[in-house]
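Here the structure is laid out as structure tokens; the discussion comes afterwards.
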Amino acid sequence: MTVAIFFGCTFIAFGPAFALFVFTIARDPLRVIILIAGAFFWLLSLLMSSLVWFIIVKATNPKDLQVQKALLVFGAMFSVVLQELFRFAYYKLLRKANEGLAALSEDGQSPISVQQMAYVAGLGFGIMSGAFSMVNMLTVTPGPGNVGIYGDSQYYFLCSAFMTMVVTLLQTFWSVLFFHGCESRQWWEILLVVVTHLLVSGLTFLNPLYEGSLLPAYAILVIVSVWAYFISGGSLQNLHNFITCKKSDLITEAVS
């Protein structure tokens, strides 16, 4: 049973991200580099937030439970803000790199658009975030032991896997929205990314009331994904063509 939990939670948490990587990124070396660099930037944000957390914990009384609980909330919120700062820094770096690629190309056009870079960078953020969120739990799922044998929730690992999946996908869509806000100078989009990120992180404090954290998180995922789809140039007609497996008129004309 424990081995089944291990594989089930692994596929739930990382299955969608792995599929996105295989079908949209793996064949393009430039996209792979951008994804790895995005994961590295997320690691840098984790390193900085961990350093601040370590210093603050050492400077406070570990026996004061009220203070430690407040520090836990502060640490989570500070980590979110730091992630967004590093997302902005990565955007600035990619923007400069994109200009360099355009200057080196024969036709003066970059081989990858800013929207594509946002998607790939966000997936790098999401994969690394998911890995650090889930790997430690996955190491204990094969056993020995049974989940919830001492009265704890037997859905702990399963709900953690679903939360990891939603955060991984949200990191991808957040980057699309964040980069679009930076490109169009619509700072309210960036603010909404930060607010929704803080909200999703705050929802985890409701656990083990999993329906109180998972349902709102997935509702935010739906809203953010639809928003990212439309600002990336998507339309209802494109969605209809995809569902019905029809080619768009532009593709049909190009082929003919």
Side-chain angles (χ1 to χ4, degrees), residues 3-43 45-46 83 86-87 90-91 93-94 97-98 101 110-139 141-142 157-180 200 217-218 220-222 224-235 238-248 251 255:
V3 175
I5 292 175
F6 171 80
F7 284 106
C9 291
T10 301
F11 293 145
I12 289 171
F14 302 109
F18 180 73
L20 290 174
F21 172 78
V22 169
F23 290 110
T24 63
I25 295 175
R27 297 181 181 181
D28 190 330
L30 181 58
R31 295 186 182 188
V32 173
I33 293 172
I34 293 173
L35 181 138
I36 294 174
F40 176 71
F41 266 75
W42 188 91
L43 278 176
S45 72
L46 178 66
Q83 285 179 50
F86 272 86
R87 199 192 307 273
Y90 193 38
Y91 160 76
L93 178 64
L94 288 177
N98 199 40
L101 290 172
S110 174
I112 185 170
S113 67
V114 175
Q115 289 177 336
Q116 290 171 335
M117 288 194 298
Y119 159 72
V120 177
L123 189 59
F125 266 65
I127 290 174
M128 190 55 64
S129 173
F132 270 83
S133 299
M134 198 65 191
V135 166
N136 285 339
M137 284 182 281
L138 289 176
T139 57
T141 52
F157 291 115
L158 187 62
C159 292
S160 297
F162 276 108
M163 181 58 78
T164 300
M165 181 181 72
V166 73
V167 171
T168 301
L169 295 175
L170 276 172
Q171 288 280 13
T172 306
F173 299 135
W174 279 331
S175 284
V176 173
L177 299 175
F178 194 98
F179 281 38
H180 180 268
V200 171
Y218 272 87
I220 293 173
L221 174 62
V222 172
V224 171
S225 61
V226 171
W227 184 12
Y229 172 74
F230 282 106
I231 68 169
S232 299
S235 65
N238 290 341
L239 187 61
H240 178 266
N241 291 338
F242 170 75
I243 295 174
T244 58
C245 298
K246 290 182 180 180
K247 293 183 179 179
S248 66
I251 297 177
V255 172

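If you're wondering where the values come from, they're calculated on a predicted model, not measured in any experiment.
Separation of the Phe132 and Trp42 ring centroids falls under the 6.0 Å cut-off.
With contacts defined as side-chain heavy-atom distances shorter than 4.5 Å, the pair Ile127/Leu123 qualifies. Looking at heavy atoms from C-beta onward, Ser225 lies out of side-chain contact with Leu169 at the 4.5 angstrom threshold. Between Val120 and Asp28, the closest side-chain pair of non-hydrogen atoms is not below 4.5 Å. Side-chain contact between Ile112 and Asn98: present, with at least one pair of heavy atoms (C-beta onward) separated by less than 4.5 Å. Taking the side chain as every heavy atom from C-beta outward, Arg87 and Gln171 approach each other to under 4.5 Å.
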Derivation and outcome, side chain to side chain contact (heavy atoms under 4.5 Å, CB included), residues Ile36 and Phe40: CA-CA 6 Å; Ile36 294 174; Phe40 176 71; 5.7 Å; no
Test log, rule side chain to side chain donor-acceptor pair (under 3.5 Å), inputs Tyr119 and Thr24: CA-CA 10 Å; Tyr119 159 72; Thr24 63; 2.6 Å; yes
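The environment of Phe230 atom CZ is dense: over 12 non-hydrogen atoms of other residues, nucleotides or ligands sit within 6.0 angstrom.
Tyr90 pairs by the ring-ring contact (aromatic ring centres under 6.0 Å, His included) definition with Phe41, not counting sequence neighbours. Under the rule for a ring-ring contact (aromatic ring centres under 6.0 Å, His included), Phe18 has no partner lying at least two apart in sequence or in another chain. Taking Phe179 as the reference, Tyr91 meet the ring-ring contact (aromatic ring centres under 6.0 Å, His included) condition, with sequence neighbours excluded.
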